[in-house]
Every structure is written in C-alpha cells, then in structure tokens.
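Below you'll find the structure, written out as structure tokens, and then a few comments.
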Amino acid sequence: MVRRGFMSKKLHKPVMFLLGLSLLAAGCSNSSNGNNESASSGTSRDTQTAAEFSYPMPGSMELTLMNEQLGGTPETLPIDEEYAKRTGISIKHLGGTPMTDQKFSLLLASGELPDIFLNTWLQYPGGPDRAVEQGYILKLNDLIDQYAPNLKKTLADHPEIDKMIKTDDGTYYAFPFIRSETGRVYGGPIIRQDWLDELNLEMPETIDEWHTVLTAFKEKKKASAPVTFRTMFLGERTGGFAGAFGVMGNFYVNDGKVVYGYLEPEYKNYLKTMSQWYKEGLIDKDFASIDAATVDKKMSSGDSGATLGWQFYIEKYNAAAQESDPEASFVAAPYPSAAKGTLPEFGQLDNAYAGTSSAAISATTQNPEAAMRWLDYGYSEEGSMLNTFGVEGITYKLENGKPVYTDLVVNNPEKLGSDQVMMKYSHGTNFPMIQQDNHLPSKYPQTAEALGVWKKTNHEAHLLPPITPTAEEADEMSSIMNDINALVKEAELKIILGTESADNYDTFIQQMKDLGIERVLEIQQAAYERYLKR
Amino acid sequence: MLKTKLGNDLLRNKWLYIMILPVIIYYIMFHYVPMYGAIIAFKQYIPAKGILGSDWVGFKHFEDFFSSIYFFRVIKNTISLSFFNLLFGFPAPILLALLLNELKSPLFRRITQTITYMPHFITLVVVAGIIRYFTLSDGLINDVIALFGGTRTSFLQQPESFRPIYIISEIWQQIGWGTIIYLAAISGIDQQQYEAAKIDGANKLQQIRHITLPGILPTVMIMLILSLGNIMNVGFEKIILLYSASIYETADVISTFVYRKGILEFNYGYSAAVGLFNSVINFGILLLANYFSKRTSKNSLW
C-alpha cells in the first residue's frame with residue numbers, strides 16, 4: 001500500500017506546464033460563454049455520420065465513468081457540468097482504481113465495468129488485445145470511423161501518435177492521453193539552493209560534485225541524511241544517479257537493441273558508488289524502508305538537503321520549509337553526469353503516450369455512441385481549449401486571440417493556488433486528450449524552472465516505445481519477470497546497504513540469466529521490431 | 001426411530017434451533033458454497049468466462065509455484081515466523097493471566113488488564129506506522145541504544161531483525177486480549193482446592209503449578225491446537241506494511257509472494273493454487289496436533 005502511494009499522488013496532482021508551444025492559442029473561435037457551440041468545427045468532413053452530427057447530443061444520456069485513482073468518488077466539478085452542457089451527455093463518477101490494485105481484479109470479476117474506464121490498458125496482463133479478446137472492452141476501430149471524427153483527424157494528422165496507440169495488428173483499444181512535450185518530464189533531483197549558497201558551493205553537475213556537496217551537507221549543515229528518497233526513484237522510475245553511469249533500471253533501447261539495465265556491467269559500478277555513499281552516511285540510513293511522508297518530513301525539517309522526486313514536491317517543500325525558515329529554497333538540480341559538460345544518458349522521460357489515463361469503453365455499455373461522442377469531444381478544438389484553459393469568461397479571457405487567465409485563477413479571492421482552481425475548471429492532466437501547455441503561473445519560480453533543468457539528458461534516444469507483445473509472449477514474460485523483479489530489487493538494496501558486496505552482483509546477473517531474462521529480451525526485441533514496422 | 005427422536009428434539013428445543021439458524025446459514029453461504037470456487041486452482045481463470053467456463057490447466061499453477069526459486073525461501077520464512085511467533089507469543093498471555101490472577105487489588109488488576117488489551121483495538125496500519133517510526137535509525141529505539149553508547153542501525157532494513165520486530169510487536173498487541181480466555185478459565189477453578197492447598201502448606205508458586213495450571217490445561221490445549229492449525233497463515237497485512245525488498249530474505253512469506261504474483265498480475269488461478277496448498281498443509285497439521293493432544297492429555301477438538 002505504501003509502495004503504491006506515489007502513483008495516486010503523482011496522478012492527483014496536476015503537472016504544470018510553462019514551456020513549449022501552445023498549439024491552440026491561435027485560431028480559436030469560441031462563443032463568449034461556451035453554451036452556444038457550433039458543432040464539430042470543420043473536422044467533420046471525414047465521414048458522413050460525423051457531418052450530420054452536432055453537439056450537444058440529443059437524448060440527455062448518462063454514462064458511468066471510472067479512472068485509475070484510488071479514493072472516494074470524486075465530487076461533480078464545474079468542468080463536469082460544462083462538459084455535460086456542451087456534449088449533452090452527463091457523467092456519473094464512480095471513483096477509480098489502478099490496475100495494480102486488487103479492486104481492479106474484483107471489478108473485472110464482478111462483470112460490472114463502468115461505461116468509460118480511464119486506465120493504463122497498455123499494462124493489462126497479456127496486453128490490450130487480451131482485454132478486448134476476453135470481452136471486457138470494445139475494439140474501437142469501426143466505432144472511431146463512425147463516431148469519433150476528431151480523434152480520427154488527430155490520428156491522420158499525427159501518424160506518430162497513431163503508431164503509439166494501436167496494437168501490432170492495428171487494434172485501437174482506448175482514447176489515449178497524449179502528454180505534451182513538457183508534460184513528459186516531471187521528476188528529478190531536488191536540492192536546497194540556500195544551503196549551496198551558504199556553503200559557497202556551485203550547483204552540482206557531475207557525480208563527483210554531488211559527492212562533495214552531500215559531504216558538505218553532512219559535515220557543515222549537520223544533515224543526518226544528506227540525500228533521502230524512496231527506492232523507486234533509484235534507477236527505476238527515474239534514472240536517479242545511475243544516469244551518470246550510462247545505465248538505468250528496467251528495459252530501454254541502446255542503438256536499436258532492447259536491453260535490461262540491470263544486466264549492464266556499468267550497473268555494478270553504479271551500485272558500488274551508491275554503496276560507498278551509503279557507508280559514508282551521505283544517503284539516508286533508512287531509505288530502503290521509508291515512505292513518502294517520512295521523506296517529506298526530513299526534507300522540510302532540514303534533516304536532508306536533497307532528494308529525488310516529482311515536480312510538485314518542489315512547491316510542497318518550499319511551502320512547508322518556508323514556514324519555519326523563510327530562507328529555505330528548494331530547486332531542481334540537473335541529473336548528474338559522468339564528466340563536466342556532458343549529458344547524462346538517463347533522467348526521467350515518459351513516452352508521449354505512456355498508456356496512463358486512457359479511456360476504454362466497456363463491452364457491456366448500453367450506448368457506445370454516447371461514450372464515443374463524449375470522449376471524442378476532448379480531441380476537438382473547443383474541447384481542447386476547455387481541457388487546457390478551462391471555461392472562457394470564468395478562468396480565462398481571449399485577448400488578441402490568446403487566452404489570458406482571470407483573477408479567479410492567478411489571484412484567487414479564497415487564496416487557492418492557481419493549480420487548485422484549474423483542477424475544478426479544466427482537465428489539465430490525466431484525461432484522454434492531446435495535452436496542451438497551459439502556461440499556468442506557479443507560486444514558486446523554482447517549480448517552473450524544474451522541467452527545463454531535468455530535461456537535459458540523452459534519455460530520448462533510449463526510450464522504449466509503447467510496444468505490445470502478444471498475449472502468449474506477455475504470459476511467458478510475466479511469469480519470468482515476477483521472480484526477476486524481486487531478485488533485482490533485493491540485490492540492489494542489499495548491495496547499497498552493504499549487506500552484500502558489490503562484487504557479488506555477477507552472481508545475481510547469472511541468476512537472472514538462469515531465470516530466463518534472455519528469453520524476455522528476445523520477446524521485447526521482437527515486439528520492438530514489430531512496433532517499428534507499424 | 002431416529003427420525004422421531006430428531007423430530008421431538010426439534011420440537012422441544014425449537015427456539016434454540018431458530019437461534020442457531022443464522023449461524024448455520026452464514027457458514028453454508030460464506031464458507032461452504034464458496035469452496036467450489038477452489039477449482040480455479042486447476043484452471044486458467046478469466047472472470048469474463050466465469051468459474052465453470054474457464055479452461056482447465058491441470059497442475060500447472062502448482063508446478064509453477066513449486067519450481068519458483070523462491071519456493072523454499074517463502075515456505076521456510078512462513079514456517080519459522082509462525083513457529084517463533086507461537087513459541088514466544090503463545091505462552092505470553094498465559095503468564096500474564098497467572099500474574100493478573102495473583103493481584104490483590106481489583107482496581108489495579110482491572111486497570112492493568114485494560115491497558116494491556118488496548119493495543120488489540122489499534123488498526124494494523126497505525127501499528128505498522130508506529131513500528132516504522134520507532135525502528136528508524138533516528139527513532140526512539142535507536143535513541144535509547146545510542147544513550148547507552150550503542151551504534152544506530154536501521155532495523156527494518158536488516159533481514160535478521162525482522163522476526164524479532166514482528167514477534168515482539170505481535171505480543172505487545174495481542175497479549176492482553178489473549179489473557180481474557182485464560183482468566184475466565186482460572187475463575188472456573190474450584191476455590192476449595194486452593195484452600196486445601198494452603199492448609200497443606202503450599203506456597204504461591206506451588207499453588208500455581210499444582211492447581212491453576214492443571215486447571216486451565218484443557219483450555220490451553222484447545223488454544224494450542226487451534227493456533228497450530230494456523231501455522232501456515234501469518235499476518236499478511238502486517239508484513240506487507242513493514243517489509244521492503246531489502247529484507248525479503250526473512251520477511252517474504254507465502255501470502256506476500258502470492259500477493260505480488262497472483263493479485264497484482266491477475267493470476268487468480270495461481271493464487272488459488274497456493275492458497276489451496278496452504279490450507280491442505282494447515283489441515284494436516286491440525287489433524288496431527290489433535291491426534292497427539294488426544295493421546296497425551298485426553299483433550300481434543302473432537
């Protein structure tokens with residue numbers, strides 16, 4: 001449970017985008033209060049049905065919806081009402097569950113799936129094709145032709161997106177959530193700038209400089225845990241410090257070949273360094289067993305001066321620490337590299353289509369057309385404006401064709417943060433759409449700068465696209481990987497904690513080979529090659 | 001003959017039978033009917049196809065489990081955690097009950113009893129949170145160790161300290177609750193025996209040894225048999241809340257292993273197979289314990 005906490009947190013919190021392009025800012029013609037829409041804005045020429053259709057859809061239907069966030073049933077927000085008004089279809093929220101929670105299993109077993117289900121269908125055991133074949137969700141190919149002109153147009157205009165969201169045999173299984181270019185980066189090292197300033201140190205860039213800085217934190221600032229983090233940030237969810245060694249946990253691509261980072265010889269060097277750091281007391285003594293709340297506490301109380309975390313942590317830590325120490329300032333630090341002036345191979349970067357929050361339609365739904373229409377609206381121009389900037393006249397006004405936020409957002413009378421306001425009036429993230437940059441001002445400039453800092457890696461060249469192994473391959477892989485996942489995590493932690501010598505890492509590699517990691521790589525490689533041929 | 005006997009009995013004690021009816025229905029509905037679901041241990045169970053509609057796979061799930069490199073480790077961890085928990089955890093409430101029984105002041109006795117069984121009502125998530133904070137390298141336990149000049153260690157990251165942490169916290173949480181049944185048994189002992197012993201000049205310890213202990217022995221044996229029947233089941237939630245990959249070596253037990261493999265990957269058949277395996281072994285141990293108890297102390301479940 002504790003280990004899953006980060007997911008829900010990450011997904012709950014809107015990521016703020018301040019860089020990059022807004023593809024939409026120009027050419028948007030919107031009516032003043034948004035209830036007077038003029039159909040599907042010129043994207044309707046593709047099919048006949050679409051040409052005849054115009055929002056709102058008649059019949060005042062209600063659909064049920066679930067997402068992948070644990071917790072209670074979300075309340076109805078202004079954005080939901082606006083969506084219902086514009087599409088003519090109202091939504092009943094039934095809460096949510098990620099696929100990795102047993103609630104998801106129970107839901108499948110009950111046979112009562114919601115009409116629309118936002119989840120990571122790409123990770124469905126056996127692959128998305130299996131979910132269709134087992135009769136849980138609909139294959140969308142024909143339905144898209146009939147009822148989703150906006151998505152269809154998007155896919156025609158962006159073949160790179162089209163390639164990512166279908167399976168090898170061309171099946172569409174969900175309305176995808178495509179991250180904006182800036183939305184793909186959201187995590188990395190965070191450090192206390194005020195401590196660096198006080199100690200007269202430069203922002204660390206290489207692994208050696210990090211060592212110097214952490215040692216100074218320990219000796220001069222008396223930090224009991226100079227750097228603290230949870231284990232998933234350590235070469236698994238982010239490259240962490242491993243990027244400097246040219247490796248990262250998990251699967252990635254090296255020159256067209258799929259590799260498993262834990263098998264690479266550099267991984268051992270990386271573990272050796274981490275183990276040395278741990279021995280010197282630079283890494284939190286308890287890092288292997290702590291939860292997010294403990295990390296937060298150490299960061300805001302001055303026990304730690306650096307961590308690996310998500311972007312919104314910067315906002316959170318600054319707010320918490322400045323209560324007692326107005327000088328405190330947390331900023332993003334670049335991912336460490338091997339030598340000055342070079343880029344690390346890995347940081348954190350998601351595929352534009354990571355699979356998350358993508359909407360499948362239940363095979364048992366009574367009204368597939370309504371579900372298709374409701375979801376398709378998000379890919380239209382008006383829908384995209386609404387999702388990105390909220391409701392015109394309430395959250396933004398158009399000035400010279402560009403959206404400008406109102407005081408409700410930037411200077412909220414109830415002292416709400418701009419991201420909190422936007423959460424009510426828009427779908428900034430984790431919603432099936434083509435995400436646009438919303439240029440939302442954040443409270444601390446450090447938060448805004450973070451993405452630019454973390455982006456500076458060669459990660460893009462190593463990214464494994466959303467491949468889809470066949471159902472049989474997926475079965476074989478999951479049965480092998482189950483033991484291997486436990487093995488690597490255990491080996492990694494034991495070596496860092498010093499209970500196992502780094503030299504023994506070779507025996508772990510041998511064990512992985514005995515368990516069949518090479519077969520997994522074969523499967524991944526084949527799926528990767530099929531993907532490239534799509 | 002039997003029919004009329006049963007009929008008469010039903011008629012005569014109809015209120016008693018009506019009162020027990022809900023319990024019988026509960027057991028049938030929630031314990032016997034679901035048993036047919038155990039067949040998914042031999043199937044590739046897909047919820048959309050239903051229990052009967054899924055394909056048979058024979059002993060595949062059992063073979064997968066037995067051939068995992070972690071098979072022996074999880075079995076060993078499960079049994080040793082259970083065994084040590086029983087070894088230290090079982091006598092603890094008996095000792096406490098004996099001590100409480102000797103207390104003279106009823107007020108002090110009641111206060112002690114309340115305080116000791118209070119932890120039983122704390123939810124596991126909170127208990128695990130307390131344990132986590134206390135065992136941190138700058139937590140309370142390490143503060144005490146450092147005060148006496150020891151070195152600080154992060155207990156929850158060391159494989160060798162997991163079992164003590166688990167068992168000590170288990171005793172702390174359950175000891176008071178466990179005494180209730182023994183105190184009830186003690187109060188059922190005939191006071192004349194103590195008076196007779198006192199006249200014979202027996203001291204407190206001798207009274208405990210020769211009167212109290214034999215007096216509660218039947219209860220102790222029944223409790224022991226019941227706990228033996230659970231030896232393969234360890235506190236799954238508590239372990240999930242406490243463990244991390246660095247201590248899988250001692251903390252990974254059958255149920256956590258199955259949780260990672262079965263539930264998180266929707267491999268229901270596999271989970272069912274391991275669960276079935278677990279239950280069969282538990283049942284075997286229960287039969288064995290009952291048999292020995294019957295032979296040696298004439299106390300048994302049936």
Side-chain angles (χ1 to χ4, degrees), chain A residues 1-4 99-102 104-111 113 124-126 130-131 133-136 224-225 230-231 284-291 293-294 297-298 303 363-364 475 478-479 481-497 499-500 511 514-515, chain B residues 37 44-51 54 60-61 64 67-71 73-74 124-125 128-129 131-133 135-139 142 152-160 162 237 240-249 251-252 256-257 259-268 270-271:
Chain A
M1 267 161 137
V2 173
R3 283 140 50 100
R4 269 194 311 277
M99 255 181 212
T100 47
D101 195 272
Q102 48 179 324
F104 188 85
S105 311
L106 296 174
L107 202 63
L108 288 189
S110 76
L113 290 183
Y124 188 84
R130 174 72 67 89
E133 174 205 315
Q134 290 178 346
Y136 293 118
S224 61
R230 283 174 293 147
T231 55
D284 189 345
K285 283 275 172 240
D286 301 306
F287 84 94
S289 58
I290 52 176
D291 56 9
T294 315
K297 197 181 119 240
K298 292 191 183 203
D303 286 339
T364 55
D475 280 348
S478 79
S479 102
M481 285 312 291
N482 189 269
D483 282 348
I484 291 183
N485 285 335
L487 183 78
V488 287
K489 252 325 8 142
E490 193 178 339
E492 178 175 60
L493 289 179
K494 278 181 156 179
I495 289 173
I496 298 177
L497 296 177
T499 37
E500 192 88 57
Q511 251 179 311
D514 294 344
L515 285 171
Chain B
Q44 192 62 49
Y45 175 60
I46 294 162
K49 288 191 188 169
I51 291 177
S54 299
K60 178 176 171 289
H61 298 307
D64 280 355
S67 63
S68 164
I69 52 164
Y70 294 118
F71 173 70
R73 185 165 88 177
V74 296
L124 255 183
V125 180
I131 298 173
R132 277 170 169 278
Y133 280 110
T135 54
L136 283 179
S137 61
D138 52 0
N142 271 305
R152 291 173 179 274
T153 37
S154 189
F155 290 111
L156 266 184
Q157 287 175 183
Q158 289 176 328
E160 63 272 19
F162 178 73
E237 294 91 349
I240 288 271
L241 289 167
L242 289 179
Y243 81 163
S244 63
S246 54
I247 52 168
Y248 278 172
E249 194 183 319
D252 198 15
T256 53
F257 178 77
Y259 172 75
R260 289 203 307 276
K261 177 137 184 165
I263 307 291
L264 297 185
E265 293 181 13
F266 311 164
N267 205 337
Y268 312 98
Y270 186 87
S271 315

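These figures come from a predicted structure and were not determined experimentally.
Chosen from A:D303, A:D475, A:L515, A:N485, the residue pairing most often with chain B at heavy-atom distances under 4.5 Å is A:L515. Of the residues considered (A:A486, A:G126, A:A491), A:A486 shows the highest number of contacts with chain B, using heavy-atom pairs under 4.5 Å.
Electrostatic pairing of A:K298 and A:D284 counts as a salt bridge here, judged by a charged N lying under 4.0 Å from a carboxylate O.
When each of A:E492, A:M481, A:Q511 is checked for a side chain to side chain contact (heavy atoms under 4.5 Å, CB included) with A:L487, only A:Q511 meets the rule.
Side-chain N/O atoms of A:D286 and A:S289 include no donor and acceptor closer than 3.5 Å. For the residue pair B:S137 / B:N142, no side-chain donor-acceptor distance below 3.5 Å is found, with atom types taken as modelled.
There is no contact between B:Q158 and chain A, counting heavy-atom distances below 4.5 Å. Only the side chain of B:Y133 comes within contact range of chain A, with at least one heavy atom under 4.5 Å from a heavy atom of that chain. The contact between A:S479 and chain B is made by backbone and side chain atoms together, counting heavy-atom distances below 4.5 Å. With a 4.5 angstrom heavy-atom cutoff, B:F155 does not touch chain A via any of its atoms. Residue A:I496: no heavy atom, backbone or side chain, is found under 4.5 Å from chain B.
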Derivation of the side-chain contact (heavy atoms from CB on, under 4.5 Å) call for A:Y124 and A:L108
CA-CA 12 Å; A:Y124 188 84; A:L108 288 189; 3.7 Å; yes
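Put simply, the side chain of B:L242 reaches to within 4.5 Å of the side chain of B:L156, judged on heavy atoms.
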